[in-house]
Novice: 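My questions all concern the structure below.
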Amino acid sequence: MSSYNDYLNSINNKENTILNKLSYIYLLEQYLISIGKTFKTFNKENIYDYFDECSKLSWGYSKQDRNKYDIKTFLNWAFQNNFTKISGDMVLPKIVWHKNANIRTYYAKEEITKLLNVIDTRTKQGKEDYLIISLICYLGLRIS
């Protein structure tokens with residue numbers, strides 16, 4: 001772990017980024033220990049089982065993808081430095097990234113109500129604004 005930490009520092013990762021990456025590696029290491037494996041003795045199925053266990057946590061898709069990406073990167077580094085027999089590319093040849101999967105694409109009813117309530121309907125312009133915003137809201141306003 002300390003060698004990987006040194007490597008991450010050498011490529012100018014920020015301290016917070018390093019801590020996040022190492023936390024994913026630590027969780028993987030703990031999982032491997034719990035099933036009687038090490039970084040030298042694990043196989044692909046062990047990693048797939050680990051990701052399956054992670055999917056049961058309350059992590060969103062983006063965090064799960066980040067976990068996979070960081071573990072893949074670590075395994076590639078560990079393989080190049082003879083710490084593992086399997087590289088990250090062997091385990092995860094391609095990661096489909098759901099970077100924005102946890103972002104809502106609609107407004108909640110309370111948000112629409114707040115929006116409409118701030119419009120001053122005592123003026124002609126306010127009434128026009130209210131009409132336009134109401135139509136947009138009720139006919140399919142989306143965050144995007």
Novice: More than 12 heavy atoms of other residues, nucleotides or ligands under 6.0 Å from OH of Tyr26: yes or no?
Specialist: no
Novice: From Ile136 CD1 over to Ile112 CD1, what is the distance, rounded to the nearest 0.5 angstrom?
Specialist: 11.0 Å
Novice: So with a 6.0 Å cut-off around CD of Gln30, is the heavy-atom count from everything else above 12?
Specialist: yes
Novice: Taking all heavy atoms of Lys72 and all of Pro93, pick out the closest pair and write down the distance.
Specialist: NZ-O, 3.3 Å
Novice: Is there side-chain contact between Ile47 and Leu28, with at least one heavy-atom pair below 4.5 Å?
Specialist: yes
Novice: Working to the nearest 0.5 Å, report the span between CG of Asn5 and OG of Ser10.
Specialist: 10.0 Å
Novice: Could you tell me if the side chain of Asn81 sits less than 4.5 Å from the side chain of Ser3, heavy atoms only?
Specialist: no
Novice: Does a donor on one side chain and an acceptor on the other come within less than 3.5 Å for Asp129 and Gln125?
Specialist: yes
Novice: Answer yes or no: does atom NZ of Lys114 have more than 12 heavy-atom neighbours from other residues, nucleotides or ligands under 6.0 Å?
Specialist: no
Novice: Measuring from atom CG of Asp70 to atom CG of Asp65, what distance do you get when rounded to the nearest 0.5 angstrom?
Specialist: 11.0 Å
Novice: If you round to the nearest 0.5 Å, how far is CG of Leu92 from CD1 of Ile71?
Specialist: 8.5 Å
Novice: Measuring from Glu29:CD to Phe74:CZ, what's the distance to the nearest 0.5 Å?
Specialist: 7.5 Å
Novice: Grab the two heavy atoms, one from Asn43 and one from Ile86, that are nearest each other, plus how far apart they are.
Specialist: CA-CD1, 3.7 Å
Novice: Over all heavy atoms of both residues, which pair between Asp89 and Asn76 is shortest? Give the atoms and the distance, please.
Specialist: N-OD1, 2.9 Å
Novice: With hydrophobic residues grouped by side-chain heavy-atom distances under 4.5 Å, do Leu32 and Tyr48 end up in a single group?
Specialist: yes
Novice: Give the intermediate values and the outcome of side-chain contact (heavy atoms from CB on, under 4.5 Å) for residues Ile35 and Phe42.
Specialist: CA-CA 10 Å; Ile35 61 169; Phe42 76 91; over 6 Å; no
Novice: How far does NZ of Lys21 sit from OH of Tyr7, to the nearest 0.5 angstrom?
Specialist: 8.0 Å
Novice: Are any of the side-chain heavy atoms of Tyr130 and Leu116 separated by less than 4.5 Å?
Specialist: yes
Novice: Taking all non-hydrogen atoms of both residues into account, name the closest pair between Ile119 and Gly126 and its distance.
Specialist: CG2-O, 3.2 Å
Novice: Between Leu75 and Gly88, which heavy-atom pair has the shortest distance, and what is it?
Specialist: CB-N, 3.4 Å
Novice: Check whether any side-chain heavy atom of Trp59 sits under 4.5 Å from a side-chain heavy atom of Arg66, and report yes or no.
Specialist: no
Novice: Please check this pair: side chain of Thr41 against backbone of Lys37, looking for a donor-acceptor N/O pair closer than 3.5 Å.
Specialist: no
Novice: Treat each ILVMFWY residue as a node, draw an edge where side-chain heavy atoms are under 4.5 Å apart, and state whether Ile11 and Phe83 are in one component.
Specialist: yes
Novice: What's the verdict on ring-ring contact (aromatic ring centres under 6.0 Å, His included) for Phe39 and Tyr4, showing C-alpha distance, side-chain angles and the deciding distance?
Specialist: CA-CA 13 Å; Phe39 284 122; Tyr4 190 58; 9.8 Å; no
Novice: Please report the shortest heavy-atom distance between Met90 and Lys44, naming the atom on each side.
Specialist: O-CE, 3.4 Å
Novice: Is any side-chain heavy atom of Tyr31 closer than 4.5 Å to one of Asp49?
Specialist: yes
